[in-house]
Amino acid sequence: MFAFYLLFLHLYFMVTFPAVIESGSEAKLCVSLLRPNETLQMTIYLIHNNHSRTLVEETVEEEFHRCSQFKAPEVDGQSLQEIKVQVKGESFEMTKKSRVLFKSYSKLTFIQTDKPIYNPGQTVNFRVVAMDSNFVPLEQKYSAVTLEDNNNNRIGQWMNVSSSGLILQLSHKLNSEAPQGLYKLKANIGNKLTEHHFKVKKYVLPKFEVTIKAPEQQSVGEEELKLEICGKYTYRQPVSGKALLRVCRPFWRYAYYEDVPMISLCLTETLSRTGCAFPSFNISTFMNTEMESNLQDSLAVTATVTEEGTAISMVKSENIQLTFQIGKVEFLDLPKTFERGTILEGKIKLTNFRGRVIPNKTVYIFTEGSDGSSTVTVKSAGGDSHRFDVHQNNKLLYQEKPLQDVPGKYSIDVKGSTCVSVQVALFYNIPTPTETSTLHIKAEIEGNCTKSFRNTLSLFVSVIYNGTLPSTNMVIVDIKLLSGFTADPSALKNSQHMERVDSKADHIIMYIKEVPRNIPMYYQLFINQVLPVQNLKPAVIKVYDYYQTSDQSETEYSSPCV
């Protein structure tokens, strides 16, 4: 859209033109004249570097509105010029000037191939087209059009070629031994170069395709994520084989735990006669971890379908957004207007995230008026009485009083014109239950303490699981080193069920794939003293389930040389 300058040369005279005009284009200039009271001589000039060019010259006697075309000057880059409007009559004369910017726009060049991927020996058909800023094709002469292979070797060249019918169409047959890789087409117009890339590789159409039917959004309020994985041949027959499904909740890139494995679940299913599998996952597995703030609100789903007999595999991925909306409440059939003193009638519809109606749920409705007050009186048969006053000045104030006659019967009496909410809470003196853990850790330390400094100690750690499952998920053991000590964790990497060992500051972190039930897992770590420390304090060793971090235990160990 062009902005327009308005030149008011008389109370009823106006000239309009674009503020920016493309170089060499057909530009429009419009003149409006209302109720002239004499004959006027109107002249409009284009002025640049003390040279003027007449655009409009006309004698007018009556009202008119007229637009005319003029050829914009050819400029390189941009040129700021003036439009001068001069109007003369027997009793009236006025001259006005306003600036206009003439700007040249670069031509747009496009290269298009008939395919994105070619096999060696095939013919590459392509076309080149030049357009102006309004995407109108132009006749164009190209100084050079070249084709380069993946090693930047020139394998095709066309010099000083022009487009016939506004589009230049060319082709090149690839060698049957053409190297595979990324090829480049280049078109030169003066000093401007345009490139287009395509691939050459021995491409074979996939034998079958994999599809994942998954919801675009999954509510955390729904317990299960249900998926449908299908393998179909190109002729639409079902694939016989197995599907390996992996669902992960990825970390943000900036997360502190970026070197920790993602929270993932894997499942292998045999495809049915229809070529499909219907796995389901529990959403709670991916929620409420200690790393929640560093996890994305999405699930990455990857399905690998392997054909039976050939072991040919195809992979398909999808992304599912996690939403924390668990349902929806709608008001139905409410009147558009309400008359004070009448009964307000309507309906309430409660649905889950998928829109299914939720039956047998209690719905609480709160209304608030702009004025009024109420008094709530709570009494017991034994004489215990409490009064609460609710008005506009304290309507949001929480009021609470203890009840004395417990156990006993109380009555609630409400008088007034506002809505109040009354809640009774009864507390029992029950000891807080202690949390139970199925993971336990023990530590023992030995060493030769003959030296006053630089002692090497052996730390023995045992992890025990006594839960109901055959084995645990991944287990993390976090060993804090004694002050002034270092450790070489490389010896732990070959330990039983060890996934990975990391060293961070003064911590050694062990990632154990699983711990079998009732079978202790033993690990030995050598720690070396590098600095003497007085009053050496004990250090803590902590063990926890990677997916259920509440299942944890800890112990302490001290240097025997203190």
Side-chain angles (χ1 to χ4, degrees), residues 113-122 180-182 198-251 261-287 295-323 325-326 351-357 469-471 473-474 513-514 547:
T113 55
D114 59 338
K115 293 194 299 183
I117 302 174
Y118 296 88
N119 280 318
Q122 290 185 328
Q180 300 183 61
L182 195 64
F198 63 88
K199 290 182 180 179
V200 174
K201 69 176 184 178
K202 294 179 181 178
Y203 178 73
V204 179
L205 287 173
K207 187 175 181 181
F208 59 89
E209 72 169 335
V210 178
T211 59
I212 300 177
K213 189 175 180 181
E216 293 184 1
Q217 285 189 319
Q218 176 72 27
S219 171
V220 298
E222 297 178 314
E223 293 184 359
E224 281 191 321
L225 167 62
K226 296 181 179 180
L227 304 173
E228 179 181 326
I229 315 298
C230 294
K232 300 287 185 180
Y233 293 106
T234 54
Y235 47 88
R236 307 314 301 164
Q237 291 300 309
V239 175
S240 177
K242 292 187 176 181
L244 172 63
L245 191 67
R246 186 184 184 197
V247 182
C248 303
R249 188 177 178 190
F251 289 100
M262 289 188 295
I263 300 179
S264 302
L265 287 178
C266 294
L267 181 66
T268 301
E269 296 244 343
T270 302
L271 300 180
S272 65
R273 292 183 179 180
T274 62
C276 297
F278 305 91
S280 61
F281 292 88
N282 195 319
I283 290 296
S284 63
T285 305
F286 304 95
M287 308 301 298
L295 294 171
Q296 298 184 32
D297 292 335
S298 63
L299 297 177
V301 181
T302 302
T304 303
V305 174
T306 303
E307 184 184 34
E308 185 179 10
T310 64
I312 295 176
S313 297
M314 299 297 294
V315 181
K316 179 73 172 181
S317 298
E318 291 288 347
N319 197 58
I320 303 172
Q321 294 298 316
L322 288 176
T323 177
Q325 178 184 342
I326 62 174
T351 58
N352 63 12
F353 180 75
R354 300 295 172 193
R356 293 188 292 272
V357 176
L469 299 175
S471 63
N473 300 309
M474 179 180 286
K513 294 179 182 178
E514 62 179 4
Y547 296 109

Any idea which heavy atoms bring [X] and [Y] closest together, and the distance?
X	Y	value
Phe353	Gln217	CZ-OE1, 3.6 Å
Phe208	Val305	CZ-O, 3.7 Å
Ala243	Leu271	CB-CD2, 3.9 Å
Arg246	Ser264	NH2-OG, 3.5 Å
Ile320	Ala214	CD1-CB, 3.7 Å
Val247	Phe286	O-CE2, 3.5 Å

Starting at [atom1] of [X], measure out to [atom2] of [Y] and round the result to the nearest 0.5 Å.
X	Y	atom1	atom2	result
Glu514	Leu469	CD	CG	11.0 Å
Asn352	Glu222	CG	CD	6.0 Å
Thr310	Lys207	OG1	NZ	4.5 Å
Leu225	Asn282	CG	CG	10.0 Å
Leu245	Leu267	CG	CG	6.5 Å
Leu299	Leu227	CG	CG	9.0 Å

With a 4.5 Å cut-off on side-chain heavy atoms, are [Y] and [X] touching?
X	Y	result
Arg354	Pro215	yes
Tyr118	Thr113	yes
Val200	Pro120	yes
Cys276	Pro238	no

Within 6.0 Å of CD1 in Ile326, more than 12 heavy atoms from elsewhere: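 Not more than 12 within 6.0 Å, no.
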
task: Apply side chain to side chain contact (heavy atoms under 4.5 Å, CB included) to Val239 and Met314, showing your working.
output: CA-CA 11 Å; Val239 175; Met314 299 297 294; over 6 Å; no

So, the side chain of [X] versus the backbone of [Y]: is there a donor-acceptor pair under 3.5 Å, distance only?
X	Y	answer
Gln218	Glu224	yes
Ser219	Gln325	yes
Lys199	Gln180	no

message: Can you see whether Thr306 engages Ser313 through a side-chain donor-acceptor pair at a distance of less than 3.5 angstrom?
response: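 Looking only at side-chain atoms, Ser313 and Thr306 do form a donor-acceptor pair, the distance falling under 3.5 Å.
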
message: The criterion is ring pair (Phe, Tyr, Trp, His ring centres under 6.0 Å); which residues satisfy it with Phe278, sequence neighbours excluded?
response: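 Phe278: no ring pair (Phe, Tyr, Trp, His ring centres under 6.0 Å) contacts found.
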
- request: Report the C-alpha distance between Asp297 and Arg249 in whole Å, list the side-chain angles of each, state the deciding distance to 0.1 Å, and finish with yes or no for side chain to side chain contact (heavy atoms under 4.5 Å, CB included).
  value: CA-CA 8 Å; Asp297 292 335; Arg249 188 177 178 190; 3.2 Å; yes

message: Applying the side chain to side chain donor-acceptor pair (under 3.5 Å) criterion to Glu209, which one of Arg236, Lys232, Lys316 satisfies it?
response: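 Only match with Glu209 under side chain to side chain donor-acceptor pair (under 3.5 Å): Arg236.
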
